[in-house]
Undergrad: 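Below you will find the structure I want to go over with you.
Each chain gets a letter, A, B and so on, in the order its sequence line appears, and its residues count up from 1. Computed from a predicted model, the values in this text were never measured in an experiment.
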Amino acid sequence: MNDDIRRILDAAGERPVASPDPAFAEALEARLLAVAASIPEPTPASAPLPVRRSGPARLRLALAGGLLAATAAVGILLAVVAGSAGPVVPPELTAPVNVEVALIDGTVLEDPDGLRLPEGAVIRVGEGGSARIGDTILEPGDVATVEQGRLTVERDQPVGALPGGSAGVPGAGATPSRRPTTAPSATSAGRTPSPRPAATPSVEPPTASPGTLPTPAPTSEPGTPQPTRSTPQPTAAPSPVIERPRIRARVLFDPTRIRVAWTATPGAASYVLVRTGSRDGAAPRPQYPGSRIVGEFSRPPATALRLWVPLGVVEVKLLVVALAPDGTVLARSRIVTLSTVPPVATVPSPTPDPSASESPTPAIGE
Amino acid sequence: VDGPPDAASDERALVERARGDPSAFAELYRRYLPRVHAFALRRTGVIEVAEDVTSATFERALRNLAQFSWRPGGFGPWLFRIAANELVDHHRRTRRDGSPRAEVAARRLQGDAAPDPADEVHVRDAVAHMLAAMDSLSPRYQQALSLRYLSGLTPDEAAAALGISRTTMAVVVHRASRALRRAMPTGDDR
């Protein structure tokens, strides 16, 4: 073996590296617990491990694999021919109330209405909460996971309890069921029949119907100058001006979270919420693509979502990017800068105006 | 991973417990998090990517714990093998996307470190280019080199992680090193 290469490899292996961020470690542990709660029971399924197998076992596996592949190919062909291929768009969370979504990177969101649930997302419905994912209604105590594009729902499990052991309702926790639920009629899209908690009584922005493109809130956005305030409808101009999403955010303390909402951009097929954070000094400028994506949403959240702030982060910058149906960038919001150090509540960028940051639109105010 | 027999039996008991009660997995998680994270960070050079790989590793381990059968190497090599797979997948994805992630990672690796004496700059530069070149190797070679040199596993544990004997591991590492040397840019290329 070449000594030079070995020396370089040794040097690479001996390099001191940073310890895992405590906030990351904490968030990941919480996520693993959520995942553990969603695991039905240990079943001998597909193992990713490099276990050496005997010849006949390999043959059986190869045959089974071949059969599976052939079946899958035929299935896909039939689906394509029938024009009923599975949806490519990931499942979407609708009308969440007291719902916590843990993403695979440790990000935790509360009530992220319109979030396109990525692979590995764990959705937990808290007490008195509800949500809808496609035709599935989630109820209090439900834990849903997205695996290989499919939604699996565990029912009737007390939030915080883990499967196995003595926790949970006898029988119910051990036999997870994918309960076919009845969705409300199309006319009530975006709503569930379950009651909303009193904590968020009137937080619906003017864009309550997800099917309609809302007009921007007539109130001033923090940090966004409104030079044409006297003209009621400036978008009536003949030229097709692309309206950028208007983001609003504020910090909630104890625990530290950020409430975020934004307005719609006509013609946008989806929205991407991007964030950066810093533990010392200014957070870097968020970029898309490039910065960490909190999530992709099919529409602006009907109610402000809440994003957990990792411990130790002193500043967060947020950006919303409106995407066209082909995935290209349609418009970008202004970048909002938030100081997450108490007692400073909100420092919207670029013009910090504390008085303007509160309450003109009920989407953010508490 | 290293440790006296007591530690090994303790870990085995812990794994058995975690198999029936997934919440016990948290103990294994805390035990291995720093090393898995360090492994991923050494290989990628980017904290965000290392965190993603670490997350995916532990989640995959948790989901597949029922299939883990105890072997002399114990739990660690099994976990590191998953991490190595995740790293290969990550580099495969970034390569497919046409992203110069490896070069970025190499630069980040250089940029994150404290200033070096002049005679160490050369080594650091070489490490950065070596990591970038490693992306072009076959998955098996990537796994062998990263497990052997970047994971902190002993040679026996690295071999156990790959499910091969130590002798075979030595051969694979030798071939992988030769391939790595061919993949590394010469001084003129840099």
Undergrad: Which answer fits A/Glu147, side chain, backbone, both or neither, if we ask what part of it has an atom under 4.5 Å from a heavy atom of chain B?
TA: side chain

Undergrad: I'd like to know if the side chain of B/Tyr29 reaches the main chain of A/Ala25, judged simply by a donor and an acceptor atom lying under 3.5 Å from each other, with no hydrogens or angles considered.
TA: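 Looks like yes, one N/O pair under 3.5 Å.
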
Undergrad: Top residue by heavy-atom pair count (under 4.5 Å) with chain A, among B/Arg63, B/Met130, B/Arg30?
TA: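 Of B/Arg63, B/Met130, B/Arg30, B/Arg63 has the most heavy-atom pairs under 4.5 Å with chain A.
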
Undergrad: Please determine whether the number of non-hydrogen atoms from other residues, nucleotides or ligands lying under 6.0 Å from atom CZ of A/Arg285 exceeds 12.
TA: no

Undergrad: Quick check: closest heavy atoms across B/Leu62 and A/Leu32, and the distance to 0.1 Å?
TA: CD2-O, 3.4 Å

Undergrad: Any idea which of A/Ile8, A/Asp10, A/Leu28 has the most non-hydrogen atom pairs under 4.5 angstrom with chain B?
TA: A/Leu28

Undergrad: Is A/Ala18 in contact with chain B via its backbone, its side chain, both, or neither, using a 4.5 Å heavy-atom distance?
TA: both

Undergrad: A quick test of your reading: do over 12 heavy atoms of other residues, nucleotides or ligands sit less than 6.0 Å from CZ of A/Arg292?
TA: yes

Undergrad: Side chains of A/Arg15 and B/Leu150, heavy atoms from C-beta outward: is any pair under 4.5 Å?
TA: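 No; the side chains remain at least 4.5 Å from each other.
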
Undergrad: Could you tell me which of A/Gly13, A/Ala11, A/Pro16 has the largest number of non-hydrogen atom pairs under 4.5 Å with chain B?
TA: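 Option with the top pair count is A/Gly13.
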
Undergrad: Hey, does B/Phe58 have a side-chain heavy atom less than 4.5 Å from the side chain of A/Glu29?
TA: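 No - every pair of side-chain heavy atoms lies 4.5 Å or more apart.
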
Undergrad: Are any non-hydrogen side-chain atoms of A/Phe24 and B/Thr54 less than 4.5 angstrom apart?
TA: yes

Undergrad: Are the side chains of B/Arg148 and A/Leu9 in touch, meaning some heavy atoms are under 4.5 Å apart?
TA: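 No. Closest side-chain heavy atoms not under 4.5 Å.
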
Undergrad: Please examine the side chains of A/Asp21 and B/Glu51, heavy atoms only from C-beta on, and report whether any two atoms are closer than 4.5 Å.
TA: yes

